[in-house]
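Everything on this sheet refers to the single structure shown next.
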Amino acid sequence: MKLTILGGGGFRVPLVYGALLADHAEGRVTDVVLHDLDAGRLSAVTRVLAEQAAGVPDAPEVSATTDLDEALRGADFVFSAIRVGGLEGRANDERVALAEGVLGQETVGAGGIAYGLRTVPVAVDIAQRVARLAPDAWVINFTNPAGLVTEAMSRHLGDRVIGICDSPVGLGRRIARVLGVRNPGEAWIDYVGLNHLGWVRGLRVAGRDELPRLLADPDLLGSFEEGKLFGADWLRSLGAIPNEYLHYYYFNREAVRAYQQADKTRGAFLRDQQARFYAEMRDPDAPALKAWDQTRAEREATYMAENRETAGAGERDEDDLSGGYEKVALALMRAIARDERTTLILNVRNQRTLSVLDAEAVIEVPCLVDANGAHPVTVDPLPDHATGLVCAVKAVEREVLAAAGSGSRATAVKAFALHPLVDSVNVARRLVEGYTEVHPGLAYLR
């Protein structure tokens, strides 16, 4: 079975390959093709993968190419993990937004819109190529903003593109752990929303909802990441546990101030950190896997550091430093390839799951997965406070898609102006001006 990874020179690719090495079942991946526009990054990651595979019998064979069509031909699965504009682009997204006093985070607010505007045209081109060159392939989208990009690709691939994110899985795992659930895999997580905009409303074990027990106990609430971020009182008011990214909405002013006062934005930190890693990999004698692992550990430990500092949440728990998106991706791929039925929280087309959104809207909900793909599970309606946010952000996503499709600068301004975290049409206009100045990939807006 052939797996193509787009963005194959990306820093997190070894996480995926490491998970593949642990898979020894029949019908596993035998060939991995890495595609990237940067041959130097491809070379660095290929070295890390070679060290990972050392001594592992029947390790998947790895090849690398800068030719997209060559990478896609004959693929059974395509992992799309591209970063249009690189980490320099992300750093610019943050800088332009913060100069206007609004959030520039990668997937939330102005930064997420800018990232989406330059990513959607590239993602659409990929989807069209997949439909032409590998029509039977399944596309698993890692690329942020994951829900928006998945929806753009679904217009060409239908339900054969599925978006993934490890945030809901990590949240469910933390709740299960603090509640003393011995096997988190046996818990049903009632989670619903959009990517990076969802809520856990229940966690059922053997048919019993254990979430009320958590919400009633201030000590338990204060013992894990989201409880520290949001505070026990706010979680009890919501009656749910929000995805950590909702901290940017509920505590926006504090988050913006913390980002403005930080020595570096997250994008600038990762840009400089990864530049050191890739520079080190130009030395043929450098230990690739060791250097990668040290860089990864630092990356995970500093995740959402400004938000935790604002909330006084302290350091991340060691159990939360291991990532997880690669495990979600492999579980999804195995379920489809082998018809190993499972339940995963995924980004898929709504169909009739949430009545407040149309059938084509991509949402993030529990799905039953089998050989025919991912099927969203029926969920209860969202409460009013969540419905308002979900509908507002989905409307923004639709304006981003419209701007990317038409090249309309006015529509891009509308997308920024309608976002709940952008407080003025004039700010929206200046954001578009600022982003088009620093991003060549937005030259299509006119």
Side-chain angles (χ1 to χ4, degrees), residues 1 3 5 15-30 60 76-81 136-142 146-147 150 154 157-177 179 181-195 198 200-211 243 322-354 362-380:
M1 191 162 66
L3 167 63
I5 302 179
L15 293 172
V16 174
Y17 192 66
L20 290 173
L21 291 175
D23 184 14
H24 300 293
E26 291 294 324
R28 68 192 184 95
V29 170
T30 55
D76 297 290
F77 286 87
V78 177
F79 286 1
S80 182
D136 295 328
W138 290 89
V139 177
I140 300 178
N141 178 55
F142 297 69
T150 300
S154 73
L157 296 171
D159 293 327
R160 295 192 79 86
V161 59
I162 301 167
I164 69 165
C165 180
D166 58 352
S167 290
V169 177
L171 173 55
R173 184 178 62 226
R174 286 188 288 274
I175 294 173
R177 186 172 65 225
L179 286 170
V181 178
R182 293 182 180 180
N183 184 1
E186 296 179 353
W188 174 266
I189 303 169
D190 178 7
Y191 181 95
V192 63
L194 307 179
N195 180 239
V200 170
R201 304 177 300 177
L203 189 137
R204 295 184 180 87
V205 181
R208 177 188 173 91
D209 187 2
E210 298 290 342
L211 192 65
N243 184 298
S322 59
Y325 87 120
E326 72 285 355
K327 297 174 184 175
V328 180
L330 268 293
L332 173 58
M333 185 171 64
R334 282 195 299 266
I336 294 174
R338 304 173 195 164
D339 201 16
E340 294 180 358
R341 300 185 180 189
T342 190
T343 303
L344 298 167
I345 298 172
L346 301 166
N347 288 268
V348 296
R349 292 198 289 186
N350 178 46
Q351 299 178 23
R352 289 175 291 182
T353 308
L354 287 178
V362 166
I363 61 174
E364 193 168 72
V365 288
C367 297
L368 299 177
V369 188
D370 57 23
N372 295 313
H375 317 283
V377 175
T378 300
V379 296
D380 291 334

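- When the salt bridge (charged side-chain N to carboxylate O under 4.0 Å, His left out) test is applied to Asp190, the partners found at least two apart in sequence or on another chain are Arg201.
- Asp339 and Ala371 make their closest contact through OD1-N, 3.0 Å (heavy atoms, listed as atom of the first residue, atom of the second, distance).
- A donor-acceptor pair is defined here as one N or O able to donate and one able to accept, closer than 3.5 Å; such a pair exists between the side chain of Arg160 and the backbone of Asp136.
- Interatomic distance, Ile5 CD1 to Leu20 CG, rounded to the nearest 0.5 Å: 7.0 Å.
- For the pair Thr342 and Ala331, the tightest heavy-atom approach, listed with the atom from each and the gap, is CG2-O, 4.5 Å.
- With sequence neighbours left out, the side-chain hydrogen bond (donor to acceptor under 3.5 Å, both in side chains) criterion links Gln351 to no other residue.
- Closest of all the heavy-atom pairs between Val365 and Pro376 is CG2-CB, 3.9 Å.
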side-chain contact (heavy atoms from CB on, under 4.5 Å) assessment of Val169 paired with Ile189: CA-CA 9 Å; Val169 177; Ile189 303 169; over 6 Å; no

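- With values rounded to the nearest 0.5 angstrom, Leu211 atom CG is found 7.0 Å from Leu203 atom CG.
- Scanning for ring pair (Phe, Tyr, Trp, His ring centres under 6.0 Å) contacts around Phe142 gives Phe79, Tyr325, with sequence neighbours left out.
- Of the options Leu21, Leu330, Asp23, Leu3, a side chain to side chain contact (heavy atoms under 4.5 Å, CB included) to Arg28 is made by Asp23 and by none of the others.
- Of the inter-residue distances, the one linking Glu340 atom CD with Met333 atom CE reads 11.0 Å to the nearest 0.5 angstrom.
- Side-chain contact between Val379 and Thr353 is present, with at least one heavy-atom pair separated by less than 4.5 Å.
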Step by step, work out the side-chain contact (heavy atoms from CB on, under 4.5 Å) result for Leu194 and Glu364. CA-CA 5 Å; Leu194 307 179; Glu364 193 168 72; 5.7 Å; no

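- Residues that satisfy the salt bridge (charged side-chain N to carboxylate O under 4.0 Å, His left out) test with Asp370, not counting sequence neighbours, are absent from this structure.
- To the nearest 0.5 Å, atom CD1 of residue Ile345 and atom CG of residue Leu171 are 8.0 Å apart.
- For the salt bridge (charged side-chain N to carboxylate O under 4.0 Å, His left out) test, residues two or more places apart in sequence or in another chain that qualify with Arg208 are Glu210.
- Side-chain atoms of Thr150 do not come within 3.5 Å of backbone N or O of Gly147 as any donor-acceptor pair.
- The main-chain N or O of Leu368 is never found under 3.5 Å from a side-chain atom of Thr343 such that the two would form a donor-acceptor pair.
- Across all non-hydrogen atoms, the minimal contact from Asn372 to Trp138 is O-CH2, 3.5 Å.
- Distance check: Leu354 CG to Asp380 CG gives 10.5 Å after rounding to the nearest 0.5 Å.
- The two atoms that bring Asp159 and Ile162 nearest to each other are O-CG1, 4.0 Å, heavy atoms only.
- Asn195 contributes atom CG, which lies 10.5 Å from atom CD1 of Ile164 (distance to the nearest 0.5 angstrom).
- Residues that satisfy the side-chain hydrogen bond (donor to acceptor under 3.5 Å, both in side chains) test with Tyr17, not counting sequence neighbours, are absent from this structure.
- Closest approach of Val348 and Ala374 over heavy atoms only: CG1-CB, 3.9 Å.
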